[in-house]
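Each chain gets a letter, A, B and so on, in the order the sequences are listed, and its residues count up from 1. Not measured: the values here are computed from a predicted model.
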2 protein chains.
Amino acid sequence: MPDTSRQIAAAIGRLTLYWRAASWQTVAERGLNPAQAEILGHLARRGPARQVSLAAALGVSAASLSDSVASLLAKGLVARHPDPKDGRAVRVALTETGAALQAALPEAPAPLLSALDDLPETEAGAALRALSMLIRALQEARAIPVQRLCVTCTYFQPYRHDDAAAPHHCGFVDAAFGDAALRIDCADHEDTTEERRAAIAARLAAVG
Amino acid sequence: MPDTSRQIAAAIGRLTLYWRAASWQTVAERGLNPAQAEILGHLARRGPARQVSLAAALGVSAASLSDSVASLLAKGLVARHPDPKDGRAVRVALTETGAALQAALPEAPAPLLSALDDLPETEAGAALRALSMLIRALQEARAIPVQRLCVTCTYFQPYRHDDAAAPHHCGFVDAAFGDAALRIDCADHEDTTEERRAAIAARLAAVG
DNA sequence: CCGAAATAATTAGGAATCCTATTTATTGGA
DNA sequence: TCCAATAAATAGGATTCCTAATTATTTCGG
């Protein structure tokens with residue numbers, strides 16, 4: 001009866017519209033468009049990548065991606081290098097100009113960040129935790145490519161501590177942390193086994 | 001330090017990519033594209049609308065919207081009627097065909113809904129509550145147009161009851177409910193005053 | 001009551017995404 | 001060695017999406 005899933009989906013849909021619209025604004029004044037900005041962002045976060053994996057990451061066809069990369073190439077923001085391991089493939093990397101431009105782009109629309117900052121920390125922690133579980137589930141269902149979430153990381157030890165404010169532990173930085181510090185895209189991420197991912201998910205669900 | 005806002009924003013960004021990509025798939029087989037599907041969806045939920053408000057709701061320019069409406073018009077899925085109240089304006093409405101097609105479209109990508117269904121109810125409730133507050137804040141900041149949220153509704157009485165599972169009350173259906181039954185887009189919504197919206201937000205934040 | 005400013009929509013012009021299908025080159029297994 | 005699979009580019013086309021300009025209408029100040 002509560003229909004919670006549909007309402008959450010509606011909220012995500014609403015935010016999607018906002019994200020795209022806001023993205024146009026912030027990005028257009030730098031001569032880009034949302035698709036190009038997303039490519040730059042992905043390259044900045046994850047480093048050089050093959051086009052095929054970029055296409056998968058951004059959820060567009062390889063042909064579309066090729067179009068967009070060609071645009072960026074013409075602007076001198078990315079470069080193509082042959083992949084030494086595979087003669088068919090090409091690796092796309094940011095140029096210095098591209099990296100500088102990317103660094104100047106906001107990570108998210110300012111009003112969204114400020115709205116998020118106004119959420120109480122427990123509220124934000126709960127949201128982040130739920131979104132982590134959601135993205136993990138989508139990844140598990142092969143609906144989205146592999147992400148770099150705490151909840152799928154070797155270093156993540158949920159509920160190792162008794163401290164309610166910081167029950168989890170990160171083995172990489174060797175520190176305790178709480179839901180509000182969960183990561184969606186952590187540079188130090190190391191994928192763990194399927195078994196352990198499932199165990200972590202079960203543990204989080206049990207406590208939630 | 002926790003950087004929670006950025007991580008949540010990253011999650012929303014990731015879901016945005018997924019939403020658009022998934023939308024293409026489900027919608028393309030019906031001869032539509034995401035923009036057109038969103039127009040049909042909005043008309044189905046909210047009824048006939050002027051183009052200017054459709055454009056605002058979907059976050060595109062009036063010119064873009066005009067393009068998309070022309071496409072839908074050519075397919076016979078919507079009709080334009082002159083607005084009796086304003087000779088400049090046009091009201092766009094679903095045709096019978098359009099309504100039938102829209103009804104057959106999934107509200108959200110199936111893997112997303114099933115991932116959401118797998119969230120524990122408390123987790124989902126917390127997420128919905130946080131997303132409600134987030135969308136309310138964006139609306140208050142004039143970043144998005146007015147939505148039909150419980151938390152901005154005349155009928156919403158937060159924490160009227162002692163029952164932890166169903167503390168809120170809806171004056172329209174005269175029933176108690178919990179976070180998991182909060183609505184993002186409620187057909188029975190009636191906008192309340194700015195003062196009361198602020199009071200509700202403060203109350204929710206205090207408890208959260 | 002009239003003119004100016006604002007508003008709703010369309011049109012013009014153009015760039016770029018995005019699709020599917022096809023082609024080319026390369027890889028890797030049988 | 002041969003053949004299927006893969007990576008990318010290309011072809012072709014529909015459509016979104018933008019800004020700017022145009023037309024019609026409404027609203028509001030004087």
Side-chain angles (χ1 to χ4, degrees), chain A residues 16-40 48-75 77-93, chain B residues 16-40 48-75 77-93:
Chain A
T16 291
L17 289 179
Y18 168 66
W19 185 281
R20 289 304 265 231
S23 182
W24 257 107
Q25 288 188 318
T26 55
V27 133
E29 59 203 36
R30 275 106 173 175
L32 300 173
N33 60 43
Q36 293 168 6
E38 261 144 26
I39 293 174
L40 297 183
R50 290 189 184 183
Q51 294 195 181
V52 68
S53 58
L54 273 177
L58 306 185
V60 298
S61 70
S64 288
L65 190 93
S66 198
D67 283 345
S68 294
V69 168
S71 282
L72 291 170
L73 203 55
K75 290 179 197 158
L77 301 175
V78 302
R80 286 198 233 246
H81 306 289
D83 187 327
K85 297 196 205 111
D86 188 334
R88 297 164 299 182
V90 159
R91 291 180 74 73
V92 182
Chain B
T16 292
L17 290 178
Y18 167 65
W19 185 281
R20 288 306 265 232
S23 182
W24 257 106
Q25 287 188 318
T26 53
V27 134
E29 58 204 35
R30 274 106 171 176
L32 300 172
N33 60 43
Q36 292 168 7
E38 262 144 27
I39 293 173
L40 297 184
R50 289 191 185 181
Q51 293 194 181
V52 68
S53 58
L54 273 177
L58 307 184
V60 298
S61 69
S64 287
L65 190 93
S66 198
D67 282 345
S68 294
V69 167
S71 282
L72 290 170
L73 202 56
K75 290 178 195 158
L77 300 176
V78 302
R80 285 197 232 244
H81 307 289
D83 186 326
K85 296 196 208 116
D86 188 334
R88 298 164 299 181
V90 160
R91 291 181 73 76
V92 182

| task | Find the distance L54(A):CG to dA7(D):C1' and express it as a whole number of Å. | result | 13 Å

| Closest non-hydrogen atom pair between D83(A) and R50(A), with its separation | OD2-NE, 3.0 Å

| query | R91(A) versus Q51(A): any side-chain heavy-atom pair under 4.5 Å? | reply | no

| remark: In whole angstroms, the gap separating C1' of dA16(C) from CZ of R20(B) amounts to 15 Å

| remark: Taking every heavy atom of S68(B) against every heavy atom of A35(B), the minimum-distance pair comes out as OG-CB, 4.2 Å

| message | Taking T26(B)'s backbone N and O only, do any of them form a donor-acceptor pair with R30(B)'s side chain (distance below 3.5 Å, no angle check)? | response | yes

| remark: Residues of residues 28-39 of chain B with a heavy atom under 4.0 Å from any atom of DNA chain C, listed by number, are none

| query | At under 4.0 Å between heavy atoms, what does R91(B) touch on the DNA or RNA strands: base, sugar-phosphate, or nothing? | reply | nothing

| query | For the helix from dC1(C)-dG30(D) to dA30(C)-dT1(D), how many degrees between its two end axes (five pairs per end), to the nearest 10°? | reply | 30°

| Given side chains that start at C-beta, do those of L77(B) and L32(B) come closer than 4.5 Å, heavy atoms only? | yes

| field | Close side-chain approach of L40(A) to V78(A), heavy-atom, < 4.5 Å | value | yes

| said: Looking at Q51(A), I'd like to know whether one of its side-chain N or O atoms comes within less than 4.0 Å of OP1 or OP2 on dA9(D). | reply: yes

| said: For nucleotides 20-28 of chain C, give me one character per nucleotide, 5' to 3': B if any protein heavy atom sits under 4.0 Å from the base, S if the only such contacts are to the sugar-phosphate, - if neither. | reply: BB---BBS-

| remark: Minimal heavy-atom distance between Q36(A) and S71(A), with the atoms involved, is NE2-CB, 3.3 Å

| said: Main chain of G31(B), side chain of K75(B): is a donor-acceptor contact present, judged purely on distance under 3.5 Å? | reply: yes

| query | For D67(B) and dT19(D), what is the distance between atoms CG and P respectively, to the nearest whole Å? | reply | 13 Å

| query | Closer than 4.0 Å, any side-chain N/O of S66(B) to the OP1 or OP2 of dT10(C)? | reply | yes

| remark: note: L73(A), atom CG; dA9(D), atom C1'; distance rounded to Å ~ 13 Å

| note | Per nearest nucleotide of DNA chain C, the residue lying toward the 5' end, V90(B) or G59(A), is V90(B)

| With nearest nucleotides of DNA chain C determined for V52(B) and W24(B) from heavy-atom distances, which residue corresponds to the more 5′ nucleotide? | V52(B)

| said: When you compare the side chain of V60(A) with that of L54(A), does any pair of heavy atoms fall below 4.5 Å? | reply: no

| request: Using only side-chain N and O atoms of S71(B), determine if any of them is under 4.0 Å from OP1 or OP2 of dT16(D). | output: yes

| request: Would you kindly give the CG-to-P distance between L65(A) and dC19(C), to the nearest whole Å? | output: 10 Å

| query | Do H81(A) and V92(A) have side-chain heavy atoms sitting under 4.5 Å apart? | reply | no

| For V27(B) and A37(B), which heavy atoms make the closest approach, and how far apart are they? | CG2-CB, 3.5 Å

